[in-house]
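Here's the structure we're looking at; comments come further down.
Position 1 is the first residue of the sequence; numbering continues from there.
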Amino acid sequence: MDLIARLRAGLPGEAILTDPDVTGSYAHDMASFCEAGTPAVVVLPRTVEEVQHVMRTATELRIPVVPQGARTGLSGAANASDGCIVLSLVKMDRIIEINPVDRIAVVEPGVINAVLSRAVNEHGLYYPPDPSSWEECSIGGNIGTASGGLCCVKYGVTAEYVLGLDVVLADGRLLTTGRRTTKGVAGYDLTRLFVGSEGSLGIVVRAVLALKPEPPQQLALAAEFPSTAAACQAVCEIMARGHAPSLLELMDRTSIRAVNDMAQMGLPDSTEALLLAAFDTPEPAADLAAVGKLCTAAGATEVVPADTAAESDLLLQARRLTLTALERVKSATMIDDVCVPRSRLAEMLDGTAAIAEKYGLTIGVCAHAGDGNTHPTVCFDAADPDESRRARESFDDIMALGLQLGGTITGEHGVGVLKKEWLARELGPVGVELQRGIKDVFDPLGILNPGKLF
């Protein structure tokens, strides 16, 4: 019995896609410079049992399986390999439970981040992780890549909200990890192991997520600086003084110019860096005033605090438009995701500017400054081989700079195909050996998302 016949024995017909024109559209995520193969079939299960059937079939036939969410990723982690089963979990999109007493939500992996956020808001609760693609990205994908977002400076990343998981293993067995309780230290933390594993250890089919009480509406300020160094000094002062902003974002000169050109935001040409801060505390105006003074002391030429939520949204609009604006500069972009200690943030931004000059490229940087998580965006002409080469080389130089500054090659986008060569440099030989050993325990046949991470 061949692959398709075996799959049909345990799946409804509409869950199996074999038309090459259709399956080809599932071959890759949104990353540049990442190879993608041709899948043999795309499967869209709706139940845990259907996922188990797929994995049992894959194990029996030794067929690779590439799990996918909404494919909004930026590292190639969801890219197909030749002859694989693409296991798309987008149809498993139920919010099973929202519990205001235990402050948890139980969801399937295909639930969209924004859908969950709005659903828990109706109960006076809050699910903080908010990737920029939150209107499109799925919870399963967020878990697979350990994604972050704008609010991480105060509330942390996805890993801190995953209490427990149901995972279908490579051989089709169902594993339950973690708990529904706030506390729990029984055994090794397998839940945390799966978060960020990019589908290489098992298929997440259900997640227990921690929730928080919904905070007050945040207020924001924008501060203009004559240099990135001054803006980064303000970031250091804000954090050193014990402030807890709900958002602390930075845009460099290139990003500001791109947004100005697209949306006529009216920012002065003399602005070299724009710092955006927000607070969702009981008295945000007082917190903004204190941070405004720190910005002025660090050299800000203009500090504009908002008085209302609507004004805050207007101030934050520039940051939200950054990627869209940079995509208009050239035909293609590569978005890096290097995280460094906050104290080295200025060196990271200045070093990236030097790399842009070295390669003759436009590289705009926006950053989750409160986390030290930078997103240098390399703009290039994909039809120009030389420019494409320079873009890739500049990308590597940026990652090397991040490691040199004591940082990491990825803060929230994951490794996937794009950065797997760099993962070994960051982990070192002992780290790589142990992580490969863990992979072998969970996936001895090597069929789960092969070619990713290692």
Side-chain angles (χ1 to χ4, degrees), residues 45-49 51-52 67 69-70 89-131 134-135 137-169 173-197 199 201-218 244 246-247 279-282 412:
R46 291 183 180 271
T47 68
V48 173
E49 292 74 19
V51 175
Q52 290 181 282
L89 299 160
V90 295
K91 300 293 186 182
M92 297 181 69
D93 60 356
R94 292 184 303 145
I95 298 175
I96 298 167
E97 177 186 357
I98 296 174
N99 189 318
V101 175
D102 294 332
R103 292 183 181 171
I104 61 169
V106 182
V107 306
E108 291 183 328
V111 172
I112 299 302
N113 185 293
V115 171
L116 174 62
S117 295
R118 294 183 183 117
V120 301
N121 288 162
E122 294 178 4
H123 296 266
L125 297 169
Y126 177 44
Y127 180 67
D130 61 342
W134 78 304
E135 293 280 6
C137 63
S138 66
I139 295 297
N142 294 169
I143 292 170
T145 58
S147 62
L150 300 185
C151 72
C152 295
V153 60
K154 180 174 181 178
Y155 292 103
V157 296
T158 296
E160 295 167 60
Y161 293 88
V162 182
L163 297 178
L165 296 170
D166 283 357
V167 182
V168 175
L169 300 177
R173 289 179 296 164
L174 182 63
L175 169 69
T176 296
T177 75
R179 61 200 189 278
R180 293 170 59 99
T181 58
T182 302
K183 295 180 179 179
V185 292
Y188 296 125
D189 190 352
L190 296 182
T191 303
R192 196 68 176 248
L193 185 61
F194 282 103
V195 179
S197 66
L201 301 179
I203 312 298
V204 172
V205 291
R206 191 168 296 168
V208 181
L209 304 174
L211 305 174
K212 290 186 175 293
E214 188 173 12
Q217 179 68 53
Q218 69 179 8
S246 54
L247 175 149
F279 286 87
D280 58 6
T281 53
E412 57 188 7

Quick one: [atom1] on [X] to [atom2] on [Y], what's the gap to the nearest 0.5 Å?
{"X": "Thr177", "Y": "Leu193", "atom1": "OG1", "atom2": "CG", "result": "9.5 Å"}
{"X": "Asn121", "Y": "Leu211", "atom1": "CG", "atom2": "CG", "result": "10.0 Å"}
{"X": "Leu169", "Y": "Ile203", "atom1": "CG", "atom2": "CD1", "result": "9.5 Å"}
{"X": "Leu125", "Y": "Ser117", "atom1": "CG", "atom2": "OG", "result": "11.5 Å"}
{"X": "Asn113", "Y": "Ser138", "atom1": "CG", "atom2": "OG", "result": "9.0 Å"}
{"X": "Phe279", "Y": "Leu247", "atom1": "CZ", "atom2": "CG", "result": "10.0 Å"}

Before you tell me yes or no, could you show the steps for Glu412 and Val157 under side chain to side chain contact (heavy atoms under 4.5 Å, CB included), namely the whole-Å CA-CA distance, both residues' side-chain angles and the distance that decides it to 0.1 Å?
CA-CA 8 Å; Glu412 57 188 7; Val157 296; 5.7 Å; no
Closest contact, heavy atoms only, [X] versus [Y]:
{"X": "Pro45", "Y": "Val51", "value": "CG-CG2, 3.6 Å"}
{"X": "Ile143", "Y": "Ala207", "value": "CD1-CB, 3.7 Å"}
{"X": "Phe194", "Y": "Gly202", "value": "CE2-N, 3.9 Å"}
{"X": "Ala210", "Y": "Tyr127", "value": "O-CD1, 3.8 Å"}
{"X": "Met92", "Y": "Thr47", "value": "CE-C, 3.9 Å"}
{"X": "Leu116", "Y": "Ala105", "value": "CD1-CB, 4.1 Å"}

If we check side chain to side chain contact (heavy atoms under 4.5 Å, CB included) with Leu209, which of these qualifies: Ile139, Leu165, Val111, Thr158?
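Result for side chain to side chain contact (heavy atoms under 4.5 Å, CB included) with Leu209: Ile139.
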Can you tell me which residue among Asp166, Val106, Thr176, Thr191 is in a side chain to side chain contact (heavy atoms under 4.5 Å, CB included) with Val208?
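By the side chain to side chain contact (heavy atoms under 4.5 Å, CB included) criterion, Val208 pairs with just one of Asp166, Val106, Thr176, Thr191: Val106.
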Note, [X] side chain near [Y] side chain (heavy atom, < 4.5 Å):
{"X": "Glu97", "Y": "Arg180", "value": "yes"}
{"X": "Val115", "Y": "Asp93", "value": "no"}
{"X": "Pro129", "Y": "Glu160", "value": "no"}
{"X": "Val204", "Y": "Leu89", "value": "no"}

So, using side-chain hydrogen bond (donor to acceptor under 3.5 Å, both in side chains) as the criterion, who are the partners of Asp102 when residues are at least two apart?
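Partners of Asp102 under the side-chain hydrogen bond (donor to acceptor under 3.5 Å, both in side chains) test: Asn99.
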List the residues meeting side-chain hydrogen bond (donor to acceptor under 3.5 Å, both in side chains) with Ser197, not counting sequence neighbours, and say none if there are none.
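Counting only residues at least two positions away or on another chain, Ser197 forms no side-chain hydrogen bond (donor to acceptor under 3.5 Å, both in side chains).
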Does Arg46 CZ have over 12 foreign heavy atoms under 6.0 Å away?
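Counting other residues, nucleotides and ligands, CZ of Arg46 stays at 12 neighbours or fewer.
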Worked check of side chain to side chain contact (heavy atoms under 4.5 Å, CB included) between Leu201 and Val167
CA-CA 9 Å; Leu201 301 179; Val167 182; over 6 Å; no
Determine whether the side chains of Tyr155 and Asp280 contain a donor N or O and an acceptor N or O closer than 3.5 Å.
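Distance-only check passes for Tyr155 and Asp280.
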Does the Asn142 side chain pair with the main chain of Ser147, one donor and one acceptor, at a distance under 3.5 Å?
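Not confirmed, Asn142 side chain does not pair with Ser147 backbone.
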